[in-house]
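Below is one structure, written out as structure tokens; the observations come after it.
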Amino acid sequence: MDLRDFLLRARVLKLYRKALRVSGRAPTTSRADLRQTIRQEMENNRNCNDKQRIRFLISEGLDRLKRLDEMLDMQGH
């Protein structure tokens, strides 16, 4: 694993941790489902080795997380 791989892996893990933190603000009735969805999305792409695809997935994940965060803010969570 070279430095670029290491940094890309760190970005993925940072996104995962951030998503789990944001999911903690969700209503308790949907929190477990949301965490399961986050975990499933990560597992679905676990074996992806295409660095360009990984960068795309990180970008898409950050966008989705931003929208979720804004939605939770609007709902007062």
Side-chain angles (χ1 to χ4, degrees):
M1 178 183 295
D2 66 357
L3 180 60
R4 289 184 188 150
D5 291 341
F6 179 78
L7 294 174
L8 201 55
R9 183 175 187 272
R11 288 180 62 201
V12 170
L13 292 174
K14 182 179 178 181
L15 173 61
Y16 183 63
R17 286 190 304 269
K18 187 174 182 180
L20 290 178
R21 278 194 300 272
V22 169
S23 73
R25 294 180 37 224
T28 54
T29 56
S30 60
R31 193 174 296 158
D33 289 337
L34 182 56
R35 286 186 175 161
Q36 182 59 34
T37 300
I38 292 166
R39 181 174 173 82
Q40 190 62 47
E41 287 289 327
M42 294 301 240
E43 285 292 328
N44 288 345
N45 296 294
R46 179 181 210 138
N47 296 319
C48 181
N49 293 319
D50 181 3
K51 290 177 181 144
Q52 187 171 358
R53 172 112 175 106
I54 294 170
R55 282 189 214 98
F56 169 77
L57 290 169
I58 290 170
S59 177
E60 183 179 309
L62 287 170
D63 278 347
R64 291 172 70 181
L65 190 57
K66 181 180 176 186
R67 282 183 277 150
L68 174 63
D69 196 30
E70 289 170 354
M71 185 181 73
L72 290 171
D73 281 345
M74 286 190 298
Q75 293 178 350
H77 294 286

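On a predicted model such as this, the values are computed, not experimentally measured, just so you know. Numbers for residues simply follow the sequence, beginning at 1.
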Which heavy-atom pair separates [X] from [Y] by the least distance, and what is that distance?
X   : Y   : value
R53 : N45 : NH2-OD1, 4.1 Å
R39 : Y16 : NH1-OH, 3.9 Å
L65 : K18 : CD2-CG, 3.5 Å

How far does [atom1] of [X] sit from [atom2] of [Y], to the nearest 0.5 angstrom?
X   : Y   : atom1 : atom2 : result
R64 : D69 : CZ    : CG    : 14.5 Å
I54 : L8  : CD1   : CG    : 5.0 Å
L62 : K14 : CG    : NZ    : 8.5 Å
E70 : L72 : CD    : CG    : 10.5 Å
Q36 : Q40 : CD    : CD    : 6.0 Å
T28 : H77 : OG1   : NE2   : 9.0 Å

Within a strict 4.5 Å, meaning less than it, do heavy atoms of the [X] and [Y] side chains meet?
X   : Y   : value
R17 : R21 : yes
M71 : Q75 : yes
V12 : M42 : yes

Checklist entry - Is there a donor-acceptor contact under 3.5 Å from the side chain of D2 to the main chain of D5? => result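 At least one qualifying donor-acceptor pair exists.
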Next on the checklist: Quick check against the 3.5 Å criterion: does S59 have a side-chain atom that pairs as donor or acceptor with the backbone of R55?
Outcome noted: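 Pair absent, no side-chain N/O of S59 close to backbone of R55.
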Checklist entry - Under the salt bridge (Lys or Arg N to Asp or Glu O under 4.0 Å) test, which residues partner R67, sequence neighbours left out? => result none
Next on the checklist: Can you confirm whether more than 12 heavy atoms, excluding those of D73, are under 6.0 Å from its CG atom?
Outcome noted: yes
Next on the checklist: As a quick check of understanding, evaluate side chain to side chain contact (heavy atoms under 4.5 Å, CB included) for R9 and M1, giving each step before the final call.
Outcome noted: CA-CA 10 Å; R9 183 175 187 272; M1 178 183 295; 3.9 Å; yes
Checklist entry - Excluding sequence neighbours, so at least two apart, what forms side chain to side chain contact (heavy atoms under 4.5 Å, CB included) with L34? => result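 For L34 the side chain to side chain contact (heavy atoms under 4.5 Å, CB included) partners, ignoring immediate neighbours, are S23, A26, I38, L68.
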